[in-house]
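The structure appears right after this line, and notes come after that.
Order of appearance sets the numbers: ligands from 1, and atoms from 1 within every ligand. The residues of the chain are indexed from 1 along the displayed sequence.
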Amino acid sequence: MTKWVRAHTNIALIKYWGKENEEWIIPKNNSLSLTLDAFYTDTQVIFDKTLKEDELILDNVMQNASALNKVQRVLDEVRSQAGIQLKARVESKNHVPTAAGLASSASGLAALAGAASQAAGLSLSDTELSKLARIGSGSASRSIYGGFAEWVKGHDHDSSFAVPVDDADWDIGMLFVIVNDAVKEVSSRDGMRRTVETSPFYQGWLDSLDKDLRDMKAAISERDIEKVGSIAERNALKMHATTLGANPPFTYWTAESMTAMTAVRDLRKQEYTAYFTMDAGPNVKIICRQSQLTDIKDKLRPLFTDDQLIEARPGPGLHLVDQSQPTI
Ligand code: DP6
């Protein structure tokens, strides 16, 4: 019987931003993330000889062909490794609190790599799963692991995969500030391409990364959350600065993102450990101590509703779901 596979999302503290090779999703730089418990995807894959095309059913809704793009990349690789031609039915349930509006390609493509490979009878190592998830979506390579993971850029399909760094079994957490603004979206894929091709700031970003990564790994091994947070915040700001130099320029920030970032700086003045990071969207993620999550949430209540504030703690790596139906 095919099983449901669960992968949790991850948030990068050192961002992946730019591809060396678009076809195989080989990145320009190493990145480092924290996998979180609050958001995950459950996926089941069935290879079925009665199917004429691959199908993707996401949260009980059949998806159109364009949504299948990334999924098919992973399915094709699995078919080629397993020596099968059968089409697949992919069923996925995203566990994302209502109104979160968070993209979930990291958890989605990692869960798919696990579910598709096991449905095809392949028994892959974590390294092989990470490579398989990567060709669906780069950040998914890191969701194979719980805690902190580093995606080592490598130079081709075989050398580009994530490795575990630390289980994050210490006092670190994240508070998601969900900003529901109707912004015109530039996907991370398009945004990073435009930045690599046109932003004069992109080289500056690349040049500063080795030090950020080295310092971040030292901070993690010392369990120094002040250092982890401040390096992550500076790294995110540098990534977002590259988009302003692109042609045409763009930003993922909205007025509400700015409100959240200012609130984080205010929290620091009140002696809280709080730093922010942002990805290819307006939501702000606050890196803080798990033990201060509730206090910080209380402090932000005058600015944001309860639905907008979601607590997250370090989460596990890819695993089978121990039941016949997943919970949603
Ligand atoms: C800003 O992994 O979504 O979140 O590889 O094109 O699918 P593709 O991009 P994706 O990019 C994530 C970019 C980021 C930073 C990060 O997660 O490292």
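Around CD of Gln270, the count of heavy atoms belonging to other residues, nucleotides or ligands within 6.0 Å exceeds 12.
Remark: ligand 1 and Asn10 share no N or O pair separated by less than 3.5 Å (distance only, no angle test). Backbone and side-chain nitrogen or oxygen atoms of Tyr16 are examined, and one is located within less than 3.5 angstrom of a nitrogen or oxygen of ligand 1. Remark: ligand 1 and Met239 share no N or O pair separated by less than 3.5 Å (distance only, no angle test). Taking only nitrogen or oxygen atoms, main chain and side chain alike, Ser139 reaches within less than 3.5 Å of ligand 1.
Closest to atom 4 (O) of ligand 1 among all protein heavy atoms lies Asp279 OD1, 3.3 Å. In terms of protein heavy-atom proximity, atom 17 (O) of ligand 1 is closest to Arg142 NH2, 2.8 Å.
By the 30° and 60° cut-offs, the orientation of the rings of Trp253 relative to His240 is tilted.
Looking at Ser160 and Trp151, their side chains do bring a donor and an acceptor atom within 3.5 Å of each other. Between the side chains of Thr43 and Lys93, not a single donor N or O lies within less than 3.5 Å of an accepting N or O. Remark: the Thr35 side chain and the Arg142 side chain contain no N/O donor-acceptor pair separated by less than 3.5 Å.
Looking at Ser137 against ligand 1, both its backbone and its side chain come within 4.0 Å, counting heavy atoms. Looking at Ser188 against ligand 1, only its side chain comes within 4.0 Å, counting heavy atoms.
The residues Asp215 and Lys227 are annotated as not salt-bridged, no charged nitrogen and carboxylate oxygen being separated by less than 4.0 angstrom. Lys87 has no carboxylate O lying under 4.0 Å from a charged side-chain N of Asp48, or vice versa, which leaves the two without a salt bridge. Salt bridge Lys19/Glu22: absent, no basic N to carboxylate O contact under 4.0 Å. The existence of a salt bridge linking Glu20 and Lys153 is excluded, since no basic side-chain nitrogen approaches an acidic carboxylate oxygen closer than 4.0 Å.
Using a 4.0 Å cut-off to heavy atoms of Ser105, the atoms of ligand 1 that qualify are 3 (O). Using a 4.0 Å cut-off to heavy atoms of Lys19, the atoms of ligand 1 that qualify are 5 (O), 6 (O), 8 (P). Under a 4.0 Å criterion applied to the non-hydrogen atoms of Gly138, ligand 1 contributes the atoms 2 (O), 5 (O), 7 (O), 8 (P). Residue contact check: Lys70 has heavy atoms under 4.0 Å from atoms 7 (O) of ligand 1. For ligand 1, the atoms sitting less than 4.0 Å from at least one non-hydrogen atom of Ala12 are 16 (C), 17 (O), 18 (O), numbered in the order shown with element in parentheses.
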